[in-house]
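A short write-up of the structure that comes next.
To find a chain, count down the sequence lines: A is the first, B the second, and so on, and within it residues start at 1.
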Amino acid sequence: MKLYNTLTRKLQDVTPLRDNLVRIYSCGPTVYDHAHIGNLSTYIYSDTLQRAVSMAGYSVQRAMNYTDVDDKTIRRSRERYPDADPHVALKLLTDTYIGIFIEDMQRIGNDTEHMVFIRATDPQTITGMQKLISDLHAKGFAYVADDGVYFSIDAYRKAGKTYGQLSEITAADTSKSRIQNDEYDKDSVHDFALWKTQKQGEPAWDFTLDGHSLKGRPGWHIECSVMSRQALGQPFDIHTGGVDLIFPHHENEIAQSTATEDSPVMASLFMHNEHTLVNGKKMSKSAKNFYTLTDITDKGYDPLAFRVKVLQSHYRNASNFTWESLDAAQNLLTNLRAWADLKHQPHADSQDLQQIGASYAAALKTIQTAMDDDLNTSRALGELASLANQAETHGVDRDKLQALLNIADRLFGLQLSNRPTITDTQKHLIVERQMARDAKDWARSDQLRDELKEQGINVRDTANGPLWSRL
RNA sequence: GGCGCCGUGGCGGAGUGGUUACGCAGAGGUCUGCAAAACCUUGUACACCGGUUCAAGUCCGGUCGGUGCCUCCA
């Protein structure tokens, strides 16, 4: 299996560092609001990575963090719960949005079971961060200022390490274009905060470093360094996130995680997905093209139609979200479901099972090859769609179809394999309608068809007999 | 200014130099009690200009256009 590695800017074979196990860490959400569809597409891609790696024969260990303490979470928690204790307010707010996030993840078909979620405010994480900061400080990579503890990129470079493994950041870049640093107490403009001391009304954790009492909260980057190591060890195999995280977030993670280590490697492979655009533009509230999953479902779309839409493009290309493209995805999903439902219908059996079996095998091979080639979901899903579209012409092999759907679900998460059949009453209505047709009682047969339609069942008459699908 | 990405038919979107991606939508037709489905046909796709090559959407150079990061951001 080959994946594109941002570190090397090349396609690279996946070779687990430890046995047959691939350890994946994904930067998760800051839980201060609903996730938007761009966030969600990132998680669909990392979920797909997990599925493809597993399908390629590896064991997978996966972790994702919740950033549940930062400027935004704190600000909003104080707005929403002005009278509560800062810690309590923060927890109330972040608990709410973690709940919504998990719900969204499940609605779009992401696997949330085979993954460890870690909160930045977990006592274990806080302790771990303080320990790492102390360690960095002891070895000269961190210094204490009035408003917190900072990481020294100069010290890191003087230790012979490369800052900018992912983005080729030069000293000039980081100092020249950056805004004035008057309001911060750091030595050098490109240094970043490991720990921020408490401001009025903020939640804070006790921390003593080198005799300084530094009650406060962690910086953003240190969270991921610590949580990834605690959950997966270091180095681990694959680190994922959106392209915007390349700099500074992942650069800073690498610096923190490798400063006191012999090896400069935090993870073997960094994967970054391009952003989802809406009508060709980046989402923003002012442009009124900012959508959440609820905006989509309120318009009557299935959350899995959004998944289809995302999988129809490659993760390293910016995909363009339009309502028209979501229509197309919804229609495709409906067609895939109609195909899956054929497994319950003997009338759908092919006359030439051998040929059908061969086409399934060929499609599976194409799908597997496409997924192993840097997650070419567009190609892979196209193959499945094409198979589905041929089904009513060539028929299906119901046993092999079930097996195929099982595999498709493992890879795509579209929930095609476990669709139930219709009720006995509905089956009976279909038989009755056929009898009416045989008797040329068109009024009766049309009435029965309407009745089924009201129950969400569409009936089509084929040469072999009636086939049903859900609307 | 620095570092990137991208420009494919109505929409979305693959594409390892040489044969139809695929999906959705549209038009005409066949079939059908009607409907749906299916089947057949159909639309002069690769931003522009050069170059390399027997052959370029696919490689090289340039132009134009779009977009992202460099500050929190999936």
Suppose you measure atom P in C11(B) against the same atom in C48(B); what distance do you get, rounded to whole Å? 16 Å
What's V459(A) touching, base or sugar-phosphate or nothing? Going by heavy atoms closer than 4.0 Å. base
Looking only at C39(B), G23(B), A74(B), the nucleotide nearest the S386(A) side chain is G23(B)
Any base atoms under 4.0 Å from G241(A), or only sugar-phosphate, or nothing? Heavy atoms, all strands. sugar-phosphate
Measuring to OP1 and OP2 of C69(B), would you say a side-chain N or O of K282(A) lies under 4.0 angstrom away? yes
Are the aromatic rings of Y66(A) and F117(A) close, with centres under 6.0 Å apart? yes
Using OP1 and OP2 only, check whether a side-chain N or O of K281(A) sits under 4.0 Å from U67(B). yes
At less than 3.5 Å, do the side-chain atoms of S445(A) and the base atoms of G33(B) form a donor-acceptor pair? yes
Quick one, Y156(A) with F151(A), criterion ring-ring contact (aromatic ring centres under 6.0 Å, His included). Give me CA distance, side-chain angles, the key distance, then yes/no. CA-CA 9 Å; Y156(A) 186 72; F151(A) 186 89; 5.8 Å; yes
So does R316(A) reach the base of C6(B) with its side chain, donor to acceptor, closer than 3.5 Å? no
Quick one: R444(A) CZ to A35(B) C1', roughly how many Å, whole number? 18 Å
Write down the distance separating the P atoms in C59(B) and A14(B), rounded off to the nearest Å. 16 Å
Determine, using ring centers only, whether H221(A) and H250(A) are less than 6.0 Å apart. no
Atom CG of L40(A) and atom C1' of A74(B): how far apart are they, to the nearest Å? 9 Å
If I pick the C1' atom on G17(B) and the same atom on U52(B), what distance separates them, to the nearest angstrom? 12 Å
Regarding F321(A), tell me which of base, sugar-phosphate or nothing describes its non-hydrogen contacts under 4.0 Å with the strands shown. nothing
OP1, OP2 of C24(B) versus side-chain N and O of N331(A): anything below 4.0 Å? no
Closest of C22(B), A21(B), U67(B) to the S378(A) side chain is A21(B)
Could you work out the separation of A27(B) and A35(B) based on their P atoms and round it to a whole Å? 15 Å
Between G66(B) and U8(B), how far apart are the C1' atoms? Round to whole Å, please. 15 Å
Roughly, in whole Å, what's the span from CG in N252(A) to P in C69(B)? 17 Å
Flag the pair Y97(A) / D68(A) as yes when at least one side-chain heavy-atom distance between them is below 4.5 Å, and no otherwise. no
Any donor-acceptor pair, under 3.5 Å, between the side chain of D446(A) and the base of G33(B), if you only look at N and O atoms? yes
Can you tell me if N320(A) touches the phosphate of G12(B), counting only side-chain N or O atoms and a distance under 4.0 Å to OP1 or OP2? yes
Checking R307(A), R62(A), H114(A) against D47(A) for side-chain hydrogen bond (donor to acceptor under 3.5 Å, both in side chains), the one that qualifies is R307(A)
Is T42(A) touching bases, backbone alone, or none of the nucleic acid, heavy atoms closer than 4.0 Å? base
Residue of the set D13(A), L11(A), L375(A) for which side-chain contact (heavy atoms from CB on, under 4.5 Å) holds with L3(A): L375(A)
Could a donor-acceptor pair under 3.5 angstrom be found where the side chain of D461(A) meets the base of C34(B)? yes
Between G18(B) and C60(B), how far is it from one P atom to the other, in whole Å? 15 Å
Quick one: which of G4(B), A74(B), G13(B) gets closest to the side chain of Y43(A)? A74(B)
How far does the C1' atom of A45(B) sit from the matching atom of G15(B), given to the nearest Å? 13 Å
For A35(B), does the base pair up with any side-chain atom of R449(A) as donor and acceptor (N or O, under 3.5 Å, distance only)? yes
R379(A) vs G13(B): side-chain N/O to OP1/OP2 distance below 4.0 Å: no
So, applying side-chain hydrogen bond (donor to acceptor under 3.5 Å, both in side chains) with S469(A), which one of R337(A), R460(A), Q345(A) is it? R460(A)
In terms of the nearest nucleotide of RNA chain B, which residue is placed more toward the 5' end: Q390(A) or N317(A)? N317(A)
Taking for each residue the nucleotide of RNA chain B with the nearest heavy atom, is it K440(A) or N458(A) whose nucleotide lies nearer the 5' end? K440(A)
Between C64(B) and A47(B), how far is it from one C1' atom to the other, in whole Å? 8 Å
Regarding H249(A), tell me which of base, sugar-phosphate or nothing describes its non-hydrogen contacts under 4.0 Å with the strands shown. nothing
